[in-house]
Amino acid sequence: MVAKIFQDAMRAFYVLIFILVLASCQDKNVLSIDLESVSKTHLNGETLGNIELQNPRKIYFLNGTIALFDKASTNGFLWFIDPENGELIKRYGVEGRGPKEFLTPNIFQHDDSVLIQTIDGRTFLVDTSCTPKEILKMDKSTIRVGCNYIGLFSDSTFVVSSPSTEDRINFVNIKGTKQYNKYPFKVPKNLQMLKETIFDASYDISDSRQNLVVANRYYPIIEIINFKTLETNVFQIIDNGIKNSYDIQNGVAYFNDPVLKYTKCFAGKKGIYCLYHNATEEEAMDTLPEIHLISYDGQLMKRYALDYIIYDFTLSEDENVIYALGMSREFLPEIRVYDLS
């Protein structure tokens, strides 16, 4: 009798161990990857142009070349860097009102090029040859003051988003006239939120150039908007459930010391990569973020735990390398290259 009880107890013990090991393997192999343990290199020092770079905040991977956007630099706001050694290849772009200058520029990726958008509504397409082509000049009614995203769909229709106007998203044709700003807004059933609170977000266009991907700054949600049908899918990532408080003034939401959720999204072939903080802006200066890989059907597939506080990131064409932009311990611009292969 005692022997049977002992055997049953041992059998239950081994079943428990098996379940724990299985859960541990699933968590380690599917959801959580510590980037401190993967092969990586640092691109920093004088080879990265730290003496002249002022405050690079955006990073892109264009046709085998790293592109940095440093709006504070007076020697060109677009820097092309060799991804193998961090050496400067060339600089491009001067801020100003001259014929070859750009007024208050911002940049966004488009395939192997960038879109340079100016505050006066002009948009230029530039690749690594640094030969700009003006492709959109909007009239006064469609200029987006404070534009936080501009992208180009497959049929040469632009999507323009700004938190400073009543319409969250505008679609503009190539001639610069407003096409429509119809936007189907949806809310997950278990998440209380208002349309006024979702203006501040990160955007990207999918590899097929048919879908607009939106990662929200103050909610753990991802949206996918089909450009053709305007159908919207909204996915909520379950986290610690922190709810941001805000006041509505003149139809605009003002958040009170909000917790940042997603500040960057990258629509890749393998899924949607999003930079996740789960910390207030002040805490984010000392809190290691994560990169979430989310499938196009809304499943959280991987969590990449960063060993480094970053502002932005991009991936190689095969999505086997992460290029993470941040600051070194000496407070100098640094790119950490994580090999995921």
Side-chain angles (χ1 to χ4, degrees), residues 27-28 30-44 48 55-61 66 68-70 108-109 148-149 198 200-204 213-223 235-244 255 257-268 270-295 298-316 319-340:
D27 181 66
K28 181 178 180 181
V30 178
L31 288 180
S32 183
I33 298 175
D34 188 351
L35 291 183
E36 187 175 14
S37 63
V38 306
S39 174
K40 59 180 174 289
T41 56
H42 298 187
L43 302 180
N44 53 23
L48 191 55
N55 190 20
R57 286 287 171 167
K58 289 188 177 182
I59 184 171
Y60 302 99
F61 192 80
I66 293 174
L68 296 177
F69 177 52
D70 186 350
F108 308 94
Q109 186 166 3
N148 66 353
Y149 181 73
I198 62 171
D200 196 350
S202 176
Y203 301 80
D204 198 14
V213 176
V214 185
N216 200 273
R217 187 176 182 86
Y218 300 131
Y219 295 100
I221 64 171
I222 306 296
E223 302 168 79
F235 310 114
Q236 179 182 358
I237 304 303
I238 304 302
D239 60 5
N240 57 14
I242 293 176
K243 295 182 179 180
N244 287 317
F255 285 87
D257 193 25
V259 173
L260 300 179
K261 298 299 182 176
Y262 292 119
T263 59
K264 165 67 182 282
C265 72
F266 178 96
K270 298 178 181 178
I272 305 165
Y273 299 82
C274 302
L275 183 59
Y276 176 78
H277 300 274
N278 206 32
T280 64
E281 291 191 16
E282 183 177 353
E283 294 170 343
M285 299 296 293
D286 300 308
T287 304
L288 292 174
E290 297 179 341
I291 294 176
H292 289 176
L293 175 57
I294 301 163
S295 66
Q299 299 298 314
L300 176 60
M301 298 188 293
K302 293 181 181 178
R303 293 176 180 263
Y304 295 101
L306 285 153
D307 56 350
Y308 173 58
I309 296 175
I310 69 172
Y311 311 126
D312 198 10
F313 73 94
T314 189
L315 286 96
S316 59
E319 298 175 26
N320 286 330
V321 180
I322 295 176
Y323 299 92
L325 174 64
M327 287 285 185
S328 68
R329 293 180 179 178
E330 293 74 29
F331 299 101
L332 296 174
E334 180 178 79
I335 299 172
R336 292 199 180 180
V337 183
Y338 300 94
D339 187 350
L340 305 180

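Worth knowing before you read on, the calculation uses all heavy atoms, side chains too, and leaves out hydrogens, waters and symmetry mates.
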Test ring-ring contact (aromatic ring centres under 6.0 Å, His included) on Phe108 and Tyr149 and set out the steps.
-> CA-CA 7 Å; Phe108 308 94; Tyr149 181 73; 5.5 Å; yes
I'd like to check [X] versus [Y] (side-chain heavy atoms, cut-off strictly below 4.5 Å). Are they in contact?
| X | Y | value |
| --- | --- | --- |
| Phe313 | Tyr323 | no |
| Asn278 | Leu260 | no |
| Ile294 | Cys274 | yes |
| Ile335 | Leu68 | yes |
| Thr314 | Leu325 | no |
| Lys264 | Tyr273 | no |
| Phe61 | Leu315 | no |
| Ser202 | Val214 | no |

Q) Could you go step by step and tell me if Ile221 and Ile237 meet the side chain to side chain contact (heavy atoms under 4.5 Å, CB included) rule? A) CA-CA 6 Å; Ile221 64 171; Ile237 304 303; over 6 Å; no
Looking only at heavy atoms, which two atoms of [X] and [Y] are closest? And how far apart?
| X | Y | value |
| --- | --- | --- |
| Asn216 | Ala201 | CA-CB, 4.1 Å |
| Lys58 | Asp312 | CA-OD2, 3.1 Å |
| Ala279 | Ala284 | CB-N, 4.0 Å |
| Pro289 | Leu275 | CB-CD1, 3.9 Å |
| Met285 | Ile309 | O-CD1, 2.9 Å |
| Ser295 | Ile272 | O-CD1, 4.4 Å |

(message) Could you walk me through whether Leu340 and Val321 satisfy the side chain to side chain contact (heavy atoms under 4.5 Å, CB included) test, starting with their C-alpha distance in whole Å, then the side-chain angles of each, then the deciding distance to 0.1 Å, before giving a yes or no?
(response) CA-CA 6 Å; Leu340 305 180; Val321 180; over 6 Å; no
Quiz prompt | Main-chain N/O of Asn55 paired with Asp70 side-chain donor or acceptor, under 3.5 Å | solution =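 Checking the backbone N and O of Asn55 against the side chain of Asp70, a donor-acceptor pair under 3.5 Å is found.
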message = Working note: Asp307 + Tyr338, criterion side-chain hydrogen bond (donor to acceptor under 3.5 Å, both in side chains); need CA distance, chi angles, decisive distance, verdict.
response = CA-CA 11 Å; Asp307 56 350; Tyr338 300 94; 2.5 Å; yes
- Task: Might you work through the side chain to side chain contact (heavy atoms under 4.5 Å, CB included) test for Leu293 and Tyr304, ending with a clear yes or no?
- Result: CA-CA 8 Å; Leu293 175 57; Tyr304 295 101; 4.2 Å; yes
Note to self: Once rounded to the nearest 0.5 Å, what's the spacing between atom CD1 of Ile291 and atom CG of Leu306?
What the structure shows: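 If I round to the nearest 0.5 Å, the distance is 4.5 Å.
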Exercise for review: Show your working on side chain to side chain contact (heavy atoms under 4.5 Å, CB included) between Glu334 and Tyr308 and close with a plain yes or no.
Suggested key: CA-CA 10 Å; Glu334 180 178 79; Tyr308 173 58; 3.3 Å; yes
*asked:* Taking the six-membered ring of Tyr218 as reference, does the cationic atom of Lys261 (NZ for Lys, CZ for Arg) lie under 6.0 Å from its centre and within 45° of its axis?
replied: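 Because its charged atom misses either the 6.0 Å distance or the 45° angle limit, Lys261 does not stack over Tyr218.
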State plainly whether the residues Lys270 and Glu319 are in salt-bridge range, i.e. N to O under 4.0 Å.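 The answer is no: the pair does not qualify as a salt bridge.
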I need the single residue from His292, His277, Arg217 that forms a side chain to side chain contact (heavy atoms under 4.5 Å, CB included) with Tyr262. Which is it?
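Among His292, His277, Arg217, the one meeting side chain to side chain contact (heavy atoms under 4.5 Å, CB included) with Tyr262 is His292.
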